[in-house]
Peer 1: 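Please read through the structure below; I'll follow up with questions.
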Number of protein chains: 2
Amino acid sequence: MAKTRPTLKDIAAALNLSHPTVSRALADHKGISPETKARVRQTAERLGYVANSSARMLRQGQSSVIGLLLPDMTNEFYAAIAQRVADDCSAQNRQLVLSISAGDSERELSLVRALLEARPSCVIAALTEKPKPETIAYLRNAYCVQIMYPHDELDGPVVTVEDSSGARIAIEHLVKLGHERIGFVGPSAEFALGEARLRGLRQAMRAAGLSVEEHYTRLGPSDAAFGYEATQALLALRCPPTAIYLSTAPLSLGGAFALNARQAKVPGDVSVVVAGGADWHAIWPGGLTSVTLPITELADTASNLAFQAGRKSRAKGHRSVCLPFELHECASTGPPAQRRG
Amino acid sequence: MAKTRPTLKDIAAALNLSHPTVSRALADHKGISPETKARVRQTAERLGYVANSSARMLRQGQSSVIGLLLPDMTNEFYAAIAQRVADDCSAQNRQLVLSISAGDSERELSLVRALLEARPSCVIAALTEKPKPETIAYLRNAYCVQIMYPHDELDGPVVTVEDSSGARIAIEHLVKLGHERIGFVGPSAEFALGEARLRGLRQAMRAAGLSVEEHYTRLGPSDAAFGYEATQALLALRCPPTAIYLSTAPLSLGGAFALNARQAKVPGDVSVVVAGGADWHAIWPGGLTSVTLPITELADTASNLAFQAGRKSRAKGHRSVCLPFELHECASTGPPAQRRG
DNA sequence: ATGAAAGCGCTAACAA
DNA sequence: TTGTTAGCGCTTTCAT
């Protein structure tokens, strides 16, 4: 049976003190004799006293809860965000309340409602694509840091990733190495994210003075099977690209299988830039050059904004941060092979 | 500014009612006129009323919080557990407070302490290998469901996975198909999990009347690089195994790369059983035969035990559940090729 | 240096 | 059907 835990009064009774004195002793207030503090702490320890955050919250009018609303934990990206935010919270003695919307705006509404019952000092939210108006209304009366794809009718701090920068960084890197025939495997515009990434590709290619060739650009669902198939197709072309950019993590894995199956020399036959950092990159000696989401920085930025809730500083215009992707140069990219003839 | 939200009194004042009446109306108690209920609900809606769970908890002496303590969210297995438990919680209108110990028992202690401040009705915990005695002491006075690798000094419900069953199921499946030369790639006993899985292999082989051949058994770190290397080595043997069991998810991925690189026909040249379910299995037409952790069942079992907290039913001896792995037959396993000569 | 009293928002017992 | 009262555990005045 989960026995009811001891309260301040229990400690007070054990020491013939009043419970406010015990409270002040534990909070290390000045004006309590060191000796009393020591006795109180000792007794608290002995009784297994743990403060009741509900009572504290009720009294103080503010809780130590940070709400985190994410669409999906099976996505390694969001899982990494959750991990980092959890780390940040524990470092600041904050409670993390986690809600998973599964991309369902109806569910998101009920989760937000439930979350607000805990009166979180801040909600860090990656909202669904089309949140219900009620959800926005609820969040408007709370302090909310939006991440990833912000809903613009909700003001407050926003931490996003500059979506087009992934392609730009990858392409710039390849162009600098001398590549001109660059293959691109990405999510098609019908799927989430597709459009922005494709736009990034076009911008980067234009900036490099290259044109986006139809047959070098393979768009489809962002899964390993398509990455495999599309990369196979690119490698099988009569005049294959000298470099390939695989623009999402699942596509990268599929693409890696394709390279492997063809026993393509990397970067001898073809240079490769993949998306995301993963364990299996180590299979290639020297690793794979990759473009990654700035997960740690994103999570830390959001956490810090969250922890500022309640301070005056945030009254001055909501800070918005837009982080670029990061390039990690490894052994899978190099100059293109000399053309024959 | 996160304005202070309206309270029951605000609603009561707006309608010339007493706040307990409003409370009962919102809780749909009988003995309140339907008309009043309607008016109250409407006004609550209009004012954006959201209950204060701290006040409710303080009054009722029990919260709707479920604590979830996990070692690592970047591990896809734990991420999937978190996802499912979060789903279960939202279905039951419970709050999920997440804590990540990172395998650090010191940190685990401070997280448990912080968690208990919220007076969770239950803590679902995958404890570190050697929890601090204080951690155990704290949890002893709470209702705690342990998952995965339980600490036996802490009583209460336990939900585990029958570690040796993965190998048993895989081997039995292969033996039934007629295989005798079976390769095994697994985590060595020095690494966590290693021992139990290896024991599972030995049991299964013995049960099948087969002996564990030294050169068919490759043990090392549970990562893709080792899986790749070990599988390559198995395939390169003069007399290679006719089937291979890759016993963890990262090893499976590495092994898949090796099969691919050698252009091994699966299951023609070699049958393969992998561990875990993943997107990339779809690259093989018909998929890969796999042995998976019963993630959903494990999470649901833990959640249900958690939701029972406070009921009398749990007084009767702590229910312990030990779930077996699951076999998913796909196209990567078949009878061994005919021996030559 | 310590105690007494009040009140945060809610619900449950009792009264009307 | 509704109102009154009390109290959960804590912190914060204010008094001693």
Side-chain angles (χ1 to χ4, degrees), chain A residues 2-41 43-44 47-65 95 114 116-121 310, chain B residues 2-41 43-44 47-65 95 114 116-121 310:
Chain A
K3 305 158 213 156
T4 168
R5 303 202 78 102
T7 71
L8 289 182
K9 281 184 184 166
D10 295 320
I11 300 177
L15 294 171
N16 267 322
L17 289 170
S18 69
H19 66 275
T21 301
V22 175
S23 171
R24 284 178 289 223
L26 289 173
D28 203 26
H29 276 207
K30 53 189 174 188
I32 299 289
S33 78
E35 175 194 318
T36 303
K37 284 184 183 173
R39 287 200 309 150
V40 167
R41 269 198 284 267
T43 309
L47 299 181
Y49 173 79
V50 173
N52 184 323
S53 62
S54 288
R56 178 178 290 159
M57 185 275 166
L58 199 56
R59 178 63 235 245
Q60 308 200 116
Q62 55 173 308
S63 78
S64 69
V65 167
Q95 293 281 33
L116 293 183
E117 292 196 355
R119 300 289 188 273
S121 59
Chain B
K3 304 156 212 155
T4 168
R5 301 203 79 101
T7 71
L8 288 181
K9 282 185 184 166
D10 294 322
I11 300 177
L15 294 172
N16 268 319
L17 290 169
S18 69
H19 67 275
T21 301
V22 175
S23 171
R24 285 177 291 219
L26 289 174
D28 203 24
H29 276 208
K30 53 189 172 188
I32 299 288
S33 77
E35 175 194 319
T36 304
K37 283 183 183 173
R39 288 199 309 149
V40 166
R41 270 199 282 268
T43 309
L47 299 180
Y49 173 79
V50 173
N52 184 324
S53 62
S54 289
R56 179 178 292 158
M57 184 275 165
L58 197 56
R59 178 62 234 249
Q60 312 204 98
Q62 56 172 306
S63 79
S64 68
V65 167
Q95 293 280 32
L116 293 183
E117 293 196 355
R119 299 291 188 272
S121 58

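So that the names make sense, note that chain A is the first sequence line, chain B the second, and so on, each numbered from 1.
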Peer 1: Test Y49(A) against L26(A) for side-chain contact (heavy atoms from CB on, under 4.5 Å), laying out the working first.
Peer 2: CA-CA 11 Å; Y49(A) 173 79; L26(A) 289 173; 3.8 Å; yes

Peer 1: Taking all non-hydrogen atoms of both residues into account, name the closest pair between P6(B) and L47(B) and its distance.
Peer 2: CG-O, 3.3 Å

Peer 1: Would you work out how much the helix from dA1(C)-dT16(D) to dA16(C)-dT1(D) bends between its ends, with each end axis defined by five base pairs, to 10 degrees?
Peer 2: 40°

Peer 1: Tell me, with the steps shown, if R5(A) and L116(B) meet side-chain contact (heavy atoms from CB on, under 4.5 Å).
Peer 2: CA-CA 10 Å; R5(A) 303 202 78 102; L116(B) 293 183; 3.7 Å; yes

Peer 1: Is it true that a side-chain atom of K37(B) and a backbone atom of A27(B) form a donor plus acceptor pair closer than 3.5 Å?
Peer 2: no

Peer 1: First contact, last contact: which nucleotides of DNA chain C are these for chain A, 5' to 3', heavy-atom distance under 4.0 Å?
Peer 2: dA1(C) to dG9(C)

Peer 1: For the residue pair V50(A) and R119(B), what are the closest heavy atoms and their distance?
Peer 2: O-NH2, 2.7 Å

Peer 1: Could you pull out the closest heavy-atom pair between A51(B) and R56(B), with the gap in Å?
Peer 2: CB-NH2, 3.4 Å

Peer 1: What's touching nucleotides 9-13 of chain D from the protein side, N or O pairs under 3.5 Å?
Peer 2:
unit_1: dG9(D); atom_1: N2; unit_2: A55(A); atom_2: O; d: 3.2
unit_1: dC10(D); atom_1: OP1; unit_2: Y49(A); atom_2: OH; d: 2.5
unit_1: dC10(D); atom_1: OP2; unit_2: L8(A); atom_2: N; d: 2.7
unit_1: dT11(D); atom_1: OP1; unit_2: R56(A); atom_2: NE; d: 2.9
unit_1: dT11(D); atom_1: OP1; unit_2: R56(A); atom_2: NH2; d: 3.3
unit_1: dT11(D); atom_1: OP2; unit_2: S23(A); atom_2: OG; d: 2.7
unit_1: dT11(D); atom_1: O2; unit_2: R59(A); atom_2: NH1; d: 2.0
unit_1: dT11(D); atom_1: O4; unit_2: H19(A); atom_2: NE2; d: 3.3
unit_1: dT12(D); atom_1: OP1; unit_2: Q60(A); atom_2: OE1; d: 3.4
unit_1: dT12(D); atom_1: O4'; unit_2: R59(A); atom_2: NH1; d: 3.3
unit_1: dT12(D); atom_1: O4'; unit_2: R59(A); atom_2: NH2; d: 3.3
unit_1: dT13(D); atom_1: O4; unit_2: R24(A); atom_2: NH1; d: 3.4

Peer 1: So, Q95(A) side chain and A114(B) main chain: donor-acceptor pair closer than 3.5 Å or not?
Peer 2: yes

Peer 1: Checking the side chain of T43(A) only, and the main-chain atoms of R39(A) only, is there a donor and an acceptor separated by less than 3.5 Å?
Peer 2: yes

Peer 1: Of the residues in residues 30-37 of chain A, which ones touch DNA chain D at a heavy-atom distance under 4.0 Å?
Peer 2: none

Peer 1: Indicate the atoms forming the closest heavy-atom contact of N52(A) with S54(A), along with that distance.
Peer 2: OD1-N, 2.9 Å

Peer 1: R24(A): which residues meet the salt bridge (Lys or Arg N to Asp or Glu O under 4.0 Å) condition with it, sequence neighbours left out?
Peer 2: none

Peer 1: Under the side-chain hydrogen bond (donor to acceptor under 3.5 Å, both in side chains) rule, collect the residues that match up with T21(A), sequence neighbours excluded.
Peer 2: S18(A)

Peer 1: What's N16(A) touching, base or sugar-phosphate or nothing? Going by heavy atoms closer than 4.0 Å.
Peer 2: sugar-phosphate

Peer 1: Which heavy-atom pair separates A118(B) from S63(B) by the least distance, and what is that distance?
Peer 2: O-OG, 3.5 Å

